[in-house]
Amino acid sequence: MDNYRRGSHSVYLLTYHIIFVTKFRKKVITNEMGDFMKNHAAYLCGRMNCDMLSAETDEDHIHMLISMPPDVAPVKLINTLKSQLSKEVRIKYREHIEKYLWGDALFWSRSYFCATTGSVSLETVKKYIESQRTDDHKRKYEKTGRYSKVKR
């Protein structure tokens, strides 16, 4: 029971795997931007009484493993993270981002991925997230009008 968190009237373990993708899947995220986003996302999570357990970025997306209390709605945290990360990244890295996203284009795609992690161990999800920046993690599909499986 070491992983369980305690509130004033509850004991819980609610973890979510969350992914945001850049608009148009543009490869705009540098390693420096990724590090900034991970740190800022952890700060934002802390402000909402949540814990960032793991995070990693690739050129066009960010993965996060977040533990949150039962009184925080996942969509509220997601909306806060998407809007605040976009705002702060655009302020800090404006010139770089404008090379990829013109005008007032959104930084993140409107969609997102969110799943509870109850069906696998946290260690499995952590290893998956932390492997995102490795050479072994390549997109398994290539765009050719329609998606077709890459032959290896």
Side-chain angles (χ1 to χ4, degrees), residues 2-5 7 12-143 147 150 152:
D2 294 353
N3 292 335
Y4 290 97
R5 294 185 63 192
Y12 57 91
L13 178 59
L14 300 172
T15 54
Y16 296 86
H17 179 191
I18 298 171
I19 305 171
F20 302 153
V21 178
T22 58
K23 187 73 172 175
F24 309 119
R25 227 41 221 210
K26 294 285 186 173
K27 297 184 181 302
V28 66
I29 301 172
T30 63
N31 289 343
E32 180 184 338
M33 283 175 65
D35 291 341
F36 172 78
M37 287 193 303
K38 291 183 287 188
N39 288 329
H40 195 62
Y43 165 76
L44 294 168
C45 285
R47 290 192 56 145
M48 296 185 72
N49 197 27
C50 301
D51 287 329
M52 174 79 67
L53 303 177
S54 183
E56 191 55 79
T57 61
D58 201 355
E59 296 172 323
D60 62 356
H61 63 278
I62 183 170
H63 284 260
M64 296 169 283
L65 180 62
I66 300 172
S67 172
M68 62 182 80
D71 62 341
V72 175
V75 72
K76 182 172 175 148
L77 177 68
I78 287 166
N79 288 339
T80 298
L81 287 173
K82 283 182 81 173
S83 64
Q84 292 302 307
L85 285 176
S86 176
K87 178 182 172 185
E88 294 300 323
V89 165
R90 280 192 175 278
I91 290 170
K92 191 166 175 72
Y93 300 99
R94 177 169 297 284
E95 287 183 25
H96 174 73
I97 292 170
E98 286 177 346
K99 294 176 189 174
Y100 299 90
L101 300 170
W102 301 281
D104 291 334
L106 301 172
F107 185 78
W108 299 116
S109 167
R110 289 182 184 215
S111 59
Y112 61 87
F113 171 85
C114 179
T116 58
T117 60
S119 62
V120 295
S121 72
L122 287 180
E123 201 55 42
T124 301
V125 178
K126 275 186 180 180
K127 284 180 185 175
Y128 172 74
I129 289 173
E130 290 164 0
S131 75
Q132 289 300 296
R133 203 183 279 180
T134 65
D135 290 335
D136 292 336
H137 178 75
K138 296 294 180 191
R139 194 167 180 161
K140 293 184 175 96
Y141 296 87
E142 61 185 17
K143 192 169 185 177
Y147 286 100
V150 174
R152 295 189 187 237

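In this text, all values refer to a predicted model and were calculated from it rather than measured experimentally. Start at 1 with the first residue, then count along the sequence. All values below come from the heavy atoms of this structure, side chains included, with hydrogens, waters and symmetry mates left out.
- A distance of 13.5 Å separates NZ in Lys126 from CD in Glu56, rounded to the nearest 0.5 Å.
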Decide yes or no on salt bridge (Lys or Arg N to Asp or Glu O under 4.0 Å) for Lys92 and Glu88, but give the supporting numbers first.
CA-CA 6 Å; Lys92 191 166 175 72; Glu88 294 300 323; over 6 Å; no
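- Among all heavy-atom pairs drawn from Ser54 and Glu130, the shortest one is OG-OE2, 3.3 Å.
- When the options Leu77, Thr15, Leu53 are evaluated for a side-chain contact (heavy atoms from CB on, under 4.5 Å) with Ile66, the one that passes is Leu77.
- A distance of 9.5 Å separates CG in Asp71 from CE in Met48, rounded to the nearest 0.5 Å.
- Met33 CE to Asn31 CG: the interatomic distance, rounded to the nearest 0.5 Å, is 11.0 Å.
- In this structure, the side chains of Val75 and Tyr112 come closer than 4.5 Å at one or more pairs of heavy atoms.
- The closest donor-acceptor contact from the side chain of His40 to the backbone of Leu85 lies at 3.5 Å or more, if one exists at all.
- For the atom pair CD1 (Ile62) and NZ (Lys38), the distance works out to 8.0 Å, reported to the nearest 0.5 Å.
- Val28 and Phe107 make their closest contact through CG1-CE1, 3.8 Å (heavy atoms, listed as atom of the first residue, atom of the second, distance).
- Between Ser109 and Lys82, the shortest heavy-atom contact is O-NZ, 2.7 Å.
- The number of heavy atoms from other shown groups lying within 6.0 Å of OH (Tyr12) is above 12.
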Apply the test side-chain contact (heavy atoms from CB on, under 4.5 Å) to residues Leu14 and Thr116: give CA-CA distance (whole Å), side-chain angles for both, the deciding distance (0.1 Å), then the verdict.
CA-CA 7 Å; Leu14 300 172; Thr116 58; over 6 Å; no
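- You'll find the side chain of Phe113 stays beyond 4.5 Å of the side chain of Ile18, heavy atoms only.
- Between Cys50 and Ser67, every side-chain heavy-atom pair lies at or beyond the 4.5 Å cut-off.
- The distance from atom OG1 of Thr22 to atom CH2 of Trp108, rounded to the nearest 0.5 Å, is 7.0 Å.
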side-chain contact (heavy atoms from CB on, under 4.5 Å) between Thr30 and Phe36, worked out:
CA-CA 10 Å; Thr30 63; Phe36 172 78; over 6 Å; no
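- For Glu98, the CD atom is densely surrounded, since the number of other residues' heavy atoms within 6.0 Å is greater than 12.
- Here the closest non-hydrogen pair linking Met52 and Cys45 is CE-SG, 4.0 Å.
- For Met64 against Ile129, the heavy-atom pair with the smallest separation is C-CD1, 4.0 Å.
- Taking all atoms of both residues into account, the shortest heavy-atom contact from Met37 to Thr57 is CE-CG2, 3.9 Å.
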Worked verdict on Arg5 versus Asp51 for side-chain contact (heavy atoms from CB on, under 4.5 Å):
CA-CA 10 Å; Arg5 294 185 63 192; Asp51 287 329; 3.4 Å; yes
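- Classification of the His61-His63 ring pair by plane angle, with boundaries at 30° and 60°, yields perpendicular.
- A distance of 14.5 Å separates CZ in Phe20 from CG in Asp60, rounded to the nearest 0.5 Å.
- Side chain of Ser131 to backbone of Tyr128: a donor-acceptor contact under 3.5 angstrom is found.
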